[in-house]
Amino acid sequence: MSRYAPDAVASALWSARATAAEKAVWERYLRRARGLPGTLLGRPDPTAGWRPDWQAHLLNALVDAYDRAPTDERATTITRVLRGLRVRTLGRWTLPDHAALAWLGFALLRTGDRLGVDSHAGIDSAITTLRGAWTDHGGGGLWSSPGGPRKDAATNAPAALLLAMAERERADRQRARATAEWLTTTLRDPSAGLLRDGVDLDLDSPPPPPAVGAWPAQDDDMWSYRAFPPQRGDIWDLPRPRRGEDATAGLASGEAQGAYISTCVVLAATDPTGGWLAHAAETVHAAVATFAPTGVLRLRPGVGAGLLARCLAHAAPRLPQPAADVARAVVLTSAEAAWRNRAITPGGPILPADWSQPADPVNGPSAERSFATQVGGWLVLEAAARLERA
């Protein structure tokens, strides 16, 4: 038996736990968008400001809950969040951060598929923008923002997943495959078995598209990277950990690793000879060894660990052995740890920022009370419930 395998937990129990986290997030964080009735959005953290990627992850969690137990109340909540997003984006569904746009497009796609709501405008806007973000600089890949010069896993992995699942045009599946291939050949570190954070390019010609506006830094959920001087006409060096440094330094975020795994699994369905399941399995083993050495996923506070858990749960039924068992076990072990270490409060559970440590809502880190941390914890509970239903 894998050392990650937890004791069996009844599916009804995981469903009840996910429901408790869902209700707690609803009560603590969901508010009207600009005070308008019929709308909802996750209340932003005072220090984080408006984060559309967090709203996208909220939408994904809501769709997971609807998949688990479809109810009119859940459908209404999802519809109100969609209205809130339309209000907040002024109906344009455009964002200058391509990573956030890719996750938002993915959430909208799932919403339309599961509930049949009309989200075509947002999906089409996201896909059109991402199509235009591809260039041949650095061998391919999408710009992280319209102004360049960075191409990273945080953008390209969820963009590839969106394009692979949407299939708006045949070219989208081909672009998804090309993006995944670029991630594999350019950003995948053979020694770590994981994606590095990204590359920066020296841009001579042609120039990147013009920037469309400033965007707040998104370091909360991203692993930091070090800059290297650019070399004319070439990729900047990939950051690597120095001696004695945390082995995760320079690696892509947990959600990017998860999106890459999910993309490989989706591509394998139509391209079984492309080696995609092997890439996914190798990444699963590396991600668990790196981010969950004790069996519990441990990433920086935020949604990253929850999204990685969700992607592992999505991939597990399609992965070869033993990767499937490893993915399943680490999700269930992480969910059990997050629930066991929750703080019990009148407003519902507060899940810990570090799932392996007890939550302390009074004296603990501020990240523990953040919207992103609680959505991430909710996501891992939904992932566990999904596995138990499979």
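Computation of the quantities below employed the complete heavy-atom set of this structure, encompassing side-chain atoms and omitting hydrogens, waters and symmetry-equivalent molecules. All figures in this text were calculated on a predicted structure; none of them were measured in a lab.
Side chain of Arg74 to backbone of Ala69: a donor-acceptor contact under 3.5 angstrom is found. Remark: side-chain polar atoms of Thr373 are not paired, donor with acceptor, to backbone N or O of Arg369 under 3.5 angstrom. Under a 3.5 Å cut-off, the side chain of Arg80 and the backbone N or O of Thr77 do not form any donor-acceptor pair. Thr283 places no side-chain N or O within 3.5 Å of a backbone atom of Ile261 that could act as its donor or acceptor partner. Although no hydrogens or angles enter the test, the distance criterion places no donor-acceptor pair under 3.5 Å between the side chain of Asp172 and the main chain of Leu163. Side-chain atoms of Gln257 come within 3.5 Å of backbone N or O of Leu195 as a donor-acceptor pair. Side chain of Gln55 to main chain of Gly42: a donor-acceptor pair is present (N/O by atom type, distance under 3.5 Å, no hydrogens or angles). Side-chain N or O atoms of Arg83 include one that pairs as donor or acceptor with a backbone N or O of Gly38 at under 3.5 Å. Listed for the Arg298 side chain is no donor-acceptor partner under 3.5 Å among the backbone atoms of Asp354.
Of all non-hydrogen atoms in Leu299 and Gly304, the two that sit nearest each other are CD2-C, 4.4 Å. Residues Ile123 and Gly105 come closest through the heavy atom pair CG1-O, 4.2 Å. Considering every non-hydrogen atom in both Ser125 and Thr94, the closest pair reads OG-CG2, 3.8 Å. Pairing each heavy atom of Ala180 with each of Thr263, the nearest pair is CB-CG2, 4.2 Å. Taking both residues in full, the closest heavy atoms of Pro349 and Ala24 are given as O-CB, 3.7 Å, listed atom of the first, atom of the second, then distance. Contact record, Ala309 with Val331: O-CG2, 3.5 Å, taken as the closest heavy-atom pair.
If you take CG on Leu161 and OG1 on Thr179, they are separated by 11.5 Å, rounding to the nearest 0.5 Å. The CZ atom of Arg340 sits 12.5 Å away from atom CG of Leu351, with the distance rounded to the nearest 0.5 Å. With values rounded to the nearest 0.5 angstrom, Asp64 atom CG is found 10.5 Å from His314 atom NE2. Taking CZ of Arg173 as the reference point, atom CE of Met165 lies at 9.5 Å (rounded to 0.5 Å). With values rounded to the nearest 0.5 angstrom, His57 atom NE2 is found 4.5 Å from Leu307 atom CG. If you take CG on Leu108 and OG on Ser119, they are separated by 5.5 Å, rounding to the nearest 0.5 Å.
Counting heavy atoms from C-beta on, the side chains of Glu336 and Trp14 come closer than 4.5 Å. Contact check for Thr111 versus Leu59: side-chain heavy atoms found under the 4.5 Å cut-off. Counting only heavy atoms from C-beta outward, the side chains of Leu41 and Leu30 never approach each other to under 4.5 Å. Annotation: side chain of Gln357 is not in contact with side chain of Pro352 (no heavy-atom distance under 4.5 Å). When side chains are defined from C-beta on, Leu332 counts as touching Glu388, because their heavy atoms get closer than 4.5 Å. Side-chain contact check for Asn156 versus Tyr260: every heavy-atom pair is 4.5 Å or farther apart. Contact annotation: the side chain of Leu101 approaches that of Thr129 to within less than 4.5 Å [non-hydrogen atoms, C-beta and beyond]. Side-chain atoms of Thr186 and Glu181, non-hydrogen and from C-beta on, never get closer than 4.5 Å to each other.
Taking the charged nitrogens against the carboxylate oxygens, Asp67 and Arg389 have no contact shorter than 4.0 Å, which rules out a salt bridge. For the pair Arg310 and Glu382, the salt-bridge criterion is not met [side-chain N within less than 4.0 Å of a carboxylate O].
The aromatic ring centroids of Trp143 and His98 lie 6.0 Å or more from each other.
Using a 3.5 Å distance cut-off with no hydrogens or angles, the side chains of Arg88 and Thr39 do not pair a donor with an acceptor.
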Does the side-chain contact (heavy atoms from CB on, under 4.5 Å) test come out yes or no for Trp182 and Leu187, once each step is laid out?
-> CA-CA 7 Å; Trp182 180 84; Leu187 293 190; 3.8 Å; yes

Decide yes or no on side-chain contact (heavy atoms from CB on, under 4.5 Å) for Trp93 and Leu85, but give the supporting numbers first.
-> CA-CA 8 Å; Trp93 300 106; Leu85 285 166; 3.8 Å; yes

Derivation and outcome, side-chain contact (heavy atoms from CB on, under 4.5 Å), residues Leu312 and Val330 = CA-CA 9 Å; Leu312 289 172; Val330 76; 3.7 Å; yes

List the steps and the verdict of side-chain contact (heavy atoms from CB on, under 4.5 Å) for Asp197 and Leu251.
-> CA-CA 5 Å; Asp197 185 67; Leu251 291 179; over 6 Å; no

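For the ring-ring contact (aromatic ring centres under 6.0 Å, His included) test, residues two or more places apart in sequence or in another chain that qualify with Tyr29 are Phe371. Remark: Ser144 pairs with Arg150, Asp152, Thr155 by the side-chain contact (heavy atoms from CB on, under 4.5 Å) rule, at least two apart or across chains.
Under a hydrophobic-cluster definition in which Ile, Leu, Val, Met, Phe, Trp and Tyr are linked whenever side-chain heavy atoms come within less than 4.5 Å, directly or via other members, Leu381 and Ile350 are assigned to different clusters. One hydrophobic cluster, built from ILVMFWY side chains closer than 4.5 Å, holds both Trp50 and Val303. Leu267 and Leu162 fall into different hydrophobic clusters, where Ile, Leu, Val, Met, Phe, Trp and Tyr side chains are chained together by heavy-atom contacts under 4.5 Å. No continuous path of ILVMFWY side-chain contacts below 4.5 Å connects Leu36 to Leu58, so the two sit in separate hydrophobic clusters. In the hydrophobic cluster analysis, where Ile, Leu, Val, Met, Phe, Trp and Tyr join through side-chain heavy atoms closer than 4.5 angstrom, Val284 is grouped apart from Trp276.
The environment of CD in Gln321 is crowded: more than 12 heavy-atom neighbours from other residues, nucleotides or ligands sit within 6.0 Å.
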